[in-house]
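Let me begin by handing over the structure; questions about it come next.
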Amino acid sequence: MQEIKIHFCDFWNGHTFENDFFVNLLKNKYNFIQDKNNPDFLFCSCYGNEYKKYNCPRIFYSGENITPNFNIYDYAISFDYLNFEKRYLRVPIYHFLDKLRKKAILGENPHKREFCSFLYSNGIYADKIRTDFFQLLSNYKKINSSGKLLNNSGKFIKDKISYLSKYKFTIAFENSSNPGYITEKISDAFCAGTIPIYWGDPLAKKEFNPDAFIFINDFKSLENAIEKIIQIDNNDEAYLKMLYAPKFIEEKNYDKEIELFFENIFANKGRILRKDINKGWSKEGDFFLQSKFKRGILKRIKGLLNN
């Protein structure tokens, strides 16, 4: 078994070597050893700048709406639909999270559940369409909100899947809309056995069956979307047909793609592919270049004025 020294940096709070998805997926093929001082490969995310200390190959991963910069990373796994030879792999974040979730078990009459849920904390770093839609749909029926944002229940929920499973619909809006950026919002709703009212990735129908969710991006207005929701809410047959429709257009074997991706990376042990545009620049040198550039511009302007 190939021995590979790795280090993780700039990841989210709670991330560890033991709970890392890639380590657990690949540990039967590779003998991973933690080595902070002299790793063969650096796994890094977007929550810091520790990666700058390392000159070994860097492998970037993030579930945030961030496009990887291949001038500073050698390889990347993210959400974008990019074609960057063997240096990039698209794996949506919901794939990593779905493996950790237990699906809710629906009762005999799922169409008789309460109307709709809303479970969010972020009201600042998100598109205003989320709260606008909540207010508009609330004019039809009460939407139960048990997160920090627009809470109207006085409760705060810890078990998200169990909570969502009590409702016919759930508002599943991303923080922002970007091609390929699709998170756990829609998959959590599917996992809970509720119909997602989804807004976000304009390409969501490339992955998810449009007959299985209400796709806000497809409607001319929020009012038109709400008309559709009301229609389904009042038609049990239409509701159940959507609820039990297949969720995916095509089931993808992301685990196999990840294995092949890393097989290529580890076969090129030690190979640096990034440009390292700041490599070797000191603060003093950078200041000198900026000053020299500024002096050149001022000299040119002075010459133009004299003419």
Side-chain angles (χ1 to χ4, degrees), residues 63-65 79-81 90-98 101 103-104 110 113-123 125-138 140-141 143-145 147 149-150 160-161 163-233 238-252:
E64 301 291 348
N65 193 352
F79 70 89
D80 280 293
Y81 285 101
R90 180 183 186 271
V91 183
I93 190 174
Y94 66 76
H95 173 71
F96 302 106
L97 299 176
D98 281 355
R101 287 165 165 70
K103 292 189 176 182
R113 292 175 291 175
E114 292 185 63
F115 173 54
C116 186
S117 65
F118 182 90
L119 194 62
Y120 289 94
S121 297
N122 177 20
Y125 304 107
D127 196 293
K128 189 173 177 289
I129 191 173
R130 181 187 289 167
T131 53
D132 287 346
F133 183 81
F134 176 90
Q135 301 293 352
L136 282 171
L137 188 58
S138 294
Y140 166 62
K141 281 184 180 179
I143 301 167
N144 284 56
S145 176
L149 179 64
L150 302 174
K160 182 179 181 181
I161 303 302
Y163 173 73
L164 298 183
S165 69
K166 298 176 182 178
Y167 299 90
K168 294 176 67 176
F169 303 90
T170 189
I171 295 175
F173 278 37
E174 305 286 6
N175 291 336
S176 58
S177 178
N178 201 58
Y181 180 62
I182 189 165
T183 69
E184 78 286 356
K185 305 289 192 304
I186 189 170
S187 62
D188 278 354
F190 282 138
C191 191
T194 181
I195 291 179
I197 302 172
Y198 180 77
W199 175 87
D201 178 7
L203 303 178
K205 291 188 294 185
K206 289 185 68 171
E207 297 177 70
F208 292 100
N209 179 8
D211 294 331
F213 68 105
I214 297 167
F215 192 25
I216 299 299
N217 297 59
D218 270 357
F219 291 90
K220 292 181 179 180
S221 69
L222 296 183
E223 288 78 10
N224 289 152
I226 288 172
E227 288 177 8
K228 181 66 174 180
I229 295 166
I230 293 172
Q231 176 188 339
I232 296 173
D233 183 44
Y239 176 80
L240 293 172
K241 183 179 179 181
M242 178 170 282
L243 181 68
Y244 291 118
K247 310 309 178 197
F248 289 92
I249 296 294
E250 177 187 2
E251 291 279 358
K252 293 196 68 173

Check your understanding: Counting only N and O atoms by type, is there a donor-acceptor contact under 3.5 Å from the side chain of T194 to the main-chain atoms of Y167?
Key ->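 Checked: pair present.
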Point to revise | Residue pair I214, F219: steps toward the side chain to side chain contact (heavy atoms under 4.5 Å, CB included) verdict | key: CA-CA 10 Å; I214 297 167; F219 291 90; 4.1 Å; yes
Exercise for review: Could you tell me whether a side-chain N or O of E174 sits under 3.5 Å from a main-chain N or O of K185, the two making a donor and an acceptor?
Suggested key: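 Such a contact is absent between E174 side chain and K185 backbone.
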Practice item. Return the minimal non-hydrogen interatomic distance between I195 and A212, and the atom names on each side. Key: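 Taking every non-hydrogen atom into account, CG2-O, 4.2 Å.
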Exercise for review: Calculate, to the nearest 0.5 Å, the distance between atoms OH and OH belonging to Y239 and Y244 respectively.
Suggested key: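 Going from OH on Y239 over to OH on Y244, the span is 8.0 Å.
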Exercise for review: Count the heavy atoms belonging to other residues, nucleotides or ligands that lie under 6.0 Å from OH of Y125, then report whether that count exceeds 12.
Suggested key: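 At most 12 heavy atoms, drawn from other residues, nucleotides or ligands, come within 6.0 Å of this atom.
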Review point. Tell me, do F173 and I197 make a side-chain contact under 4.5 Å, heavy atoms counted?
Key: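 Answer yes - side chains close enough.
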Review point. Considering all heavy atoms of both residues, which atom of C116 and which atom of I171 are nearest to each other, and what is their separation?
Key: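 Taking C116 first and I171 second, the nearest heavy atoms are SG-CG1, 3.8 Å.
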**Study point:** Partners meeting ring pair (Phe, Tyr, Trp, His ring centres under 6.0 Å) with Y120 (sequence neighbours left out)
**Key:**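 So Y120 forms a ring pair (Phe, Tyr, Trp, His ring centres under 6.0 Å) with F118.
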Point to revise | Nearest-0.5 Å distance, OG of residue S187 to CZ of residue F248 | key: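 Reported to 0.5 Å precision, the distance equals 7.0 Å.
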Check your understanding: If we only count heavy atoms from C-beta on, is the F115 to N144 side-chain gap below 4.5 Å?
Key ->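 No; the side chains remain at least 4.5 Å from each other.
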Practice item. Only counting residues at least two apart or in another chain, list the ones meeting side chain to side chain contact (heavy atoms under 4.5 Å, CB included) with I230. Key: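 For I230, the residues satisfying side chain to side chain contact (heavy atoms under 4.5 Å, CB included) (neighbours in sequence not counted) are Y140, I226, N234.
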Check your understanding: Within a strict 4.5 Å, meaning less than it, do heavy atoms of the D80 and N178 side chains meet?
Key ->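 With C-beta onward as the side chain, the pair touches.
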**Study point:** Partners meeting side-chain hydrogen bond (donor to acceptor under 3.5 Å, both in side chains) with E64 (sequence neighbours left out)
**Key:**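 Partners of E64 by the side-chain hydrogen bond (donor to acceptor under 3.5 Å, both in side chains) criterion, ordered by chain and then number, come out as Y47.
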Point to revise | Distance (rounded to the nearest 0.5 Å) between S221 OG and I216 CD1 | key: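 Answer for the OG-CD1 pair, S221 versus I216, is 9.5 Å.
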Review point. Which heavy atom of S177 sits nearest a heavy atom of N217, and at what distance?
Key: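 The pair with the smallest heavy-atom distance is OG-ND2, 3.8 Å.
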Point to revise | Gap separating the CD1 atom of I232 from the CE atom of M242, nearest 0.5 angstrom | key: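 With rounding to 0.5 Å, CD1 (I232) is 4.0 Å from CE (M242).
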Check your understanding: Can you name the residues that form a side chain to side chain contact (heavy atoms under 4.5 Å, CB included) with S165, not counting sequence neighbours?
Key ->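 Scan of S165 (side chain to side chain contact (heavy atoms under 4.5 Å, CB included), adjacent residues dropped) gives A104, A192.
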Check your understanding: Can you name the closest pair of heavy atoms from S138 and I143 and give their distance?
Key ->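 Minimum heavy-atom contact is OG-CD1, 3.5 Å.
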Review point. With sequence neighbours excluded, what pairs up with D132 under the salt bridge (charged side-chain N to carboxylate O under 4.0 Å, His left out) test?
Key: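 Only K128 meet the salt bridge (charged side-chain N to carboxylate O under 4.0 Å, His left out) criterion with D132.
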Review point. Any donor and acceptor pair, going by atom type alone, linking the side chain of T170 with main-chain N or O of L164 inside 3.5 Å?
Key: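 No.
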Exercise for review: Report yes if the distance between the aromatic ring centroids of Y94 and F190 is under 6.0 Å, otherwise no.
Suggested key: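 No - the distance between ring centres of Y94 and F190 does not fall below the 6.0 Å cut-off.
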Check your understanding: K228: what forms a salt bridge (charged side-chain N to carboxylate O under 4.0 Å, His left out) with it, not counting sequence neighbours?
Key ->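 In terms of salt bridge (charged side-chain N to carboxylate O under 4.0 Å, His left out), with neighbours along the sequence ignored, K228 is linked to no residue.
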Check your understanding: Who passes salt bridge (charged side-chain N to carboxylate O under 4.0 Å, His left out) against D233, sequence neighbours left out?
Key ->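 Residues passing salt bridge (charged side-chain N to carboxylate O under 4.0 Å, His left out) with D233: K141, K168.
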Check your understanding: Within the distance-only criterion (no hydrogens, no angle test), does the side chain of N209 pair as donor or acceptor with the backbone N or O of P246 below 3.5 angstrom?
Key ->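 Checking the backbone N and O of P246 against the side chain of N209, a donor-acceptor pair under 3.5 Å is found.
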Exercise for review: Could I get the full list of side chain to side chain contact (heavy atoms under 4.5 Å, CB included) partners for D127, not counting sequence neighbours?
Suggested key: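 Checked D127 against side chain to side chain contact (heavy atoms under 4.5 Å, CB included); matches are I129, W199.
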Check your understanding: Do the side chains of P196 and D188 get nearer than 4.5 Å, heavy atoms only?
Key ->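 D188 vs P196: side chains apart.
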Check your understanding: Can you list the residues that meet the side chain to side chain contact (heavy atoms under 4.5 Å, CB included) rule with N175, with sequence neighbours excluded?
Key ->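 So N175 forms a side chain to side chain contact (heavy atoms under 4.5 Å, CB included) with N122, A126, R130.
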Point to revise | Separation of F133 CZ from E223 CD (nearest 0.5 Å) | key: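 Reported value, rounded in 0.5 Å steps: 10.0 Å.
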**Study point:** Atom of L243, atom of G193 and distance for their closest heavy-atom approach
**Key:**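 Closest pair (atom of L243, atom of G193, distance): CD1-O, 3.3 Å.
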Check your understanding: Between CD1 of I182 and CZ of F79, what distance do you get to the nearest 0.5 Å?
Key ->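 Taking CD1 in I182 and CZ in F79, the distance rounds to 11.5 Å.
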Review point. Quick one: does K247's side chain get under 4.5 Å of I186's, heavy atoms only?
Key: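 Heavy-atom side-chain distance check fails, nothing below 4.5 Å.
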Practice item. Name all pairs fulfilling the salt bridge (charged side-chain N to carboxylate O under 4.0 Å, His left out) condition that reach into residues 196-207, sequence neighbours left out, sorted by first residue then second. Key: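 Residue pairs with at least one partner in residues 196-207: R90-E207, K205-D218.
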Review point. Which residues pass the salt bridge (charged side-chain N to carboxylate O under 4.0 Å, His left out) test with K166, sequence neighbours left out?
Key: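 With sequence neighbours excluded, K166 shows a salt bridge (charged side-chain N to carboxylate O under 4.0 Å, His left out) to no residue whatsoever.
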**Study point:** Set of ring pair (Phe, Tyr, Trp, His ring centres under 6.0 Å) partners for Y198, sequence neighbours left out
**Key:**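 Partners of Y198 under the ring pair (Phe, Tyr, Trp, His ring centres under 6.0 Å) test: none.
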Check your understanding: How close do G180 and Y81 get, heavy atom to heavy atom, and via which atoms?
Key ->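 Nearest pair, atom of G180 first, then Y81: CA-CE1, 3.5 Å.
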